[in-house]
Number of protein chains: 2
Amino acid sequence: MKAIVNRSSSTKERILGAAEVLFAQRGFEGASLRQLTAAAGVNLAAVNYHFGSKDKLVEQVFRRRLDTLNAQRLAALGSARESGNDRLEDVLDAFIRPALKLSHEDSGSLFMRVLARAFAEHDDSLRQFLSENYGHVMRQFTAEFARLLPHLSKEELYWRIDLVTGALTHAMSGFGMIQRKQDVSEGAHLEQTIQHLIRFAVAGLTHP
Amino acid sequence: MKAIVNRSSSTKERILGAAEVLFAQRGFEGASLRQLTAAAGVNLAAVNYHFGSKDKLVEQVFRRRLDTLNAQRLAALGSARESGNDRLEDVLDAFIRPALKLSHEDSGSLFMRVLARAFAEHDDSLRQFLSENYGHVMRQFTAEFARLLPHLSKEELYWRIDLVTGALTHAMSGFGMIQRKQDVSEGAHLEQTIQHLIRFAVAGLTHP
DNA sequence: CGTATGCTCAAACGATCGTTTGAACGCCTG
DNA sequence: CAGGCGTTCAAACGATCGTTTGAGCATACG
């Protein structure tokens with residue numbers, strides 16, 4: 001039978017947390033399991049025991065954040081359509097707000113850097129994993145953009161979406177611009193940043 | 001005395017070429033010197049003989065492309081100002097055109113992927129190298145943008161420039177969108193792409 | 001109590017990493 | 001021809017990599 005109290009959850013979580021930090025700092029290949037387990041305060045063998053391999057650990061680092069992130073995105077998109085608030089700004093809000101909220105959490109900004117790395121790396125297995133598990137989210141948003149921008153050709157639309165996502169990924173990976181200002185509350189700054197990114201994205205998508 | 005015919009240039013060039021390919025594919029840490037020298041058809045020790053270390057090789061991979069790229073950018077910016085064509089579109093053209101021309105060369109597109117990797121990696125030594133050697137270029141263009149967009153606050157301007165450069169870097173690193181179409185000539189497609197990126201950047205910089 | 005079970009641990013595995021070494025080669029110069 | 005020089009080469013260096021092993025520990029269950 002299984003143990004009633006699964007003590008391994010603590011170890012697993014500490015590994016995932018340390019992995020997120022080190023992957024953001026040194027990359028997937030640059031961060032070794034010895035650095036990682038030392039930072040997490042666990043034994044070296046714990047990674048292979050709990051995750052099977054380093055590659056599986058990388059997948060879990062993505063899953064832990066992207067499962068909820070993309071679920072929130074789709075939920076926000078759905079409720080926007082349902083309530084009739086489905087202008088371009090609303091669709092972009094549904095896409096941007098969950099990611100920006102995540103990047104303002106405890107170590108969520110580090111994950112955005114990990115995500116930016118994954119975009120830059122043209123590693124096929126990683127891209128395949130992301131496409132298989134989260135491709136439908138991007139597809140749904142793309143369809144929504146196509147509906148709201150019917151005058152754009154398919155090629156034109158894809159290109160603009162590509163440029164906008166590039167800008168957002170770049171910005172949210174924490175290049176210093178999206179930092180809390182001292183004289184405004186965290187909630188107010190988050191709202192300012194969201195409106196900022198939405199206006200930029202709208203301009204990039206709708207320009208003549 | 002020195003050898004009249006420097007035969008080592010062939011070896012050095014082959015190493016630099018192979019390094020560009022493998023760094024783009026597997027990253028700086030992921031590409032080993034053994035893979036690299038095997039692909040270049042040279043001996044393993046040749047890298048340390050000609051470049052001193054792997055890190056120095058990485059620097060030279062950047063230097064070989066960025067020296068001419070940024071020189072072209074500054075030259076284009078200078079001649080634009082000189083001839084009076086210094087609207088926002090012209091400044092952006094001076095910034096984008098040399099990079100896009102490079103990305104259409106033999107293996108130039110691979111270098112743009114290497115560059116995108118460098119942006120994603122928050123490695124301090126690499127960022128310091130790029131800032132020390134090519135920071136003045138970005139500073140000069142930023143000053144030009146500030147002159148042409150005087151109604152924007154400093155913070156606002158930096159943010160927009162950050163988003164635009166993120167979009168351009170992302171797009172030019174070859175995510176499939178900027179590919180030659182079959183039914184247009186290379187020169188025409190290059191011109192279309194440039195105008196495309198410029199219009200996007202103008203929209204992102206000037207939106208109200 | 002005895003014994004599975006889940007987990008942690010130190011130690012070692014073979015492989016591969018960047019780098020160094022010293023001999024050998026080809027070529028120019030005096 | 002002799003000697004020096006720039007370059008290439010196979011081989012080895014110590015370090016570090018991801019992974020595996022088997023003993024040890026604690027807890028839950030018959």
Side-chain angles (χ1 to χ4, degrees), chain A residues 1-62 114 117 121 123-126 129, chain B residues 1-62 114 117 121 123-126 129:
Chain A
M1 299 297 170
K2 287 202 301 182
I4 293 177
V5 176
N6 190 356
R7 295 197 173 280
S8 78
S9 69
S10 171
T11 298
K12 276 181 96 163
E13 273 302 316
R14 277 159 69 183
I15 291 175
L16 284 170
E20 199 168 58
V21 175
L22 284 175
F23 287 162
Q25 289 176 346
R26 308 185 199 263
F28 306 114
E29 312 234 28
S32 74
L33 291 185
R34 283 170 178 81
Q35 297 170 347
L36 205 155
T37 51
V42 302
N43 187 267
L44 168 62
V47 170
N48 280 276
Y49 177 78
H50 286 284
F51 297 94
S53 69
K54 187 181 180 181
D55 284 338
K56 299 279 184 61
L57 170 61
V58 173
E59 284 192 12
Q60 290 303 315
V61 168
F62 281 100
V114 175
R117 266 185 195 276
E121 311 215 1
D123 179 271
D124 283 337
S125 63
L126 184 57
F129 165 79
Chain B
M1 300 294 175
K2 287 202 301 183
I4 293 177
V5 175
N6 190 357
R7 296 197 173 278
S8 78
S9 70
S10 170
T11 298
K12 277 181 96 164
E13 273 302 316
R14 276 158 69 183
I15 290 174
L16 285 170
E20 199 167 57
V21 174
L22 284 175
F23 287 162
Q25 288 176 347
R26 307 185 200 263
F28 306 114
E29 313 234 29
S32 74
L33 291 185
R34 283 170 179 80
Q35 297 170 346
L36 204 156
T37 51
V42 302
N43 187 268
L44 169 61
V47 170
N48 279 277
Y49 176 78
H50 285 284
F51 297 94
S53 69
K54 186 181 180 180
D55 284 338
K56 299 279 184 61
L57 170 62
V58 173
E59 284 191 11
Q60 290 303 317
V61 169
F62 281 100
V114 175
R117 264 185 197 277
E121 310 215 1
D123 179 272
D124 283 336
S125 63
L126 184 57
F129 165 78

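Values reported hereafter were calculated over all heavy atoms of this structure, with side chains retained and with hydrogens, waters and symmetry mates removed. Chain letters run A, B, ... following the sequence lines, proteins first, then strands; residues in each count from 1. All values reported here derive from a predicted model rather than from experimental measurement.
Contacts of Ala39(B) classified as side chain to side chain contact (heavy atoms under 4.5 Å, CB included), with partners at least two apart in sequence or in another chain: Ala18(B), Leu22(B). For Glu59(A), there are no salt bridge (Lys or Arg N to Asp or Glu O under 4.0 Å) partners two or more places apart in sequence or in a different chain. Under the side chain to side chain contact (heavy atoms under 4.5 Å, CB included) criterion, Leu16(A) pairs with Glu13(A), Phe51(A), Leu57(A), Gln60(A), Val61(A), Arg64(A), sequence neighbours left out. Judged as a salt bridge (Lys or Arg N to Asp or Glu O under 4.0 Å), and not counting sequence neighbours, the contacts of Arg117(A) are Glu121(B).
For Lys54(B) (side chain) and Phe28(B) (main-chain N/O), a donor-acceptor pair under 3.5 Å exists by modelled atom type. Judged by distance alone, the side chain of Glu20(B) and the main-chain N or O of Gly17(B) form no donor-acceptor pair under 3.5 Å.
Whole-Å rounding puts the Lys12(A) NZ to dG6(C) C1' distance at 13 Å. Leu44(A) places its CG atom 10 Å from the C1' atom of dC17(D), with the value rounded to the nearest Å. At whole-Å resolution of the value, CZ in Phe51(B) and P in dT7(D) are 12 Å apart. Nucleotide dG22(C) holds its P atom 16 Å from the CG atom of Asn48(B), rounded to whole Å. Atom OH of Tyr49(A) and atom P of dC25(D) are 17 Å apart (whole Å). Distance, Leu57(A) CG to dC17(D) P: 15 Å, rounded to whole Å.
Across all non-hydrogen atoms, the minimal contact from Asn43(A) to Thr37(A) is O-CG2, 3.5 Å. Scanning both residues, Val42(B) and Ala46(B), for their nearest heavy atoms gives CG2-CB, 4.2 Å.
Sorted by first and then second residue, the salt bridge (charged side-chain N to carboxylate O under 4.0 Å, His left out) pairs involving residues 21-34 of chain B (not counting sequence neighbours) form an empty list.
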Which atoms of nucleotides 21-24 of chain D (N or O only) lie under 3.5 Å from a protein N or O atom, and what are those distances?
none

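For the OP1/OP2 pair of dG6(D) and a distance below 4.0 Å, the side-chain nitrogens and oxygens of His50(B) include no atom meeting the criterion. In this model, the phosphate group of dG18(C) is not approached by any side-chain N or O of Ser53(B) to a distance below 4.0 Å at OP1 or OP2.
Remark: Arg34(A), Asn43(A) in residues 24-43 of chain A come within less than 4.0 Å of DNA chain C through at least one heavy atom.
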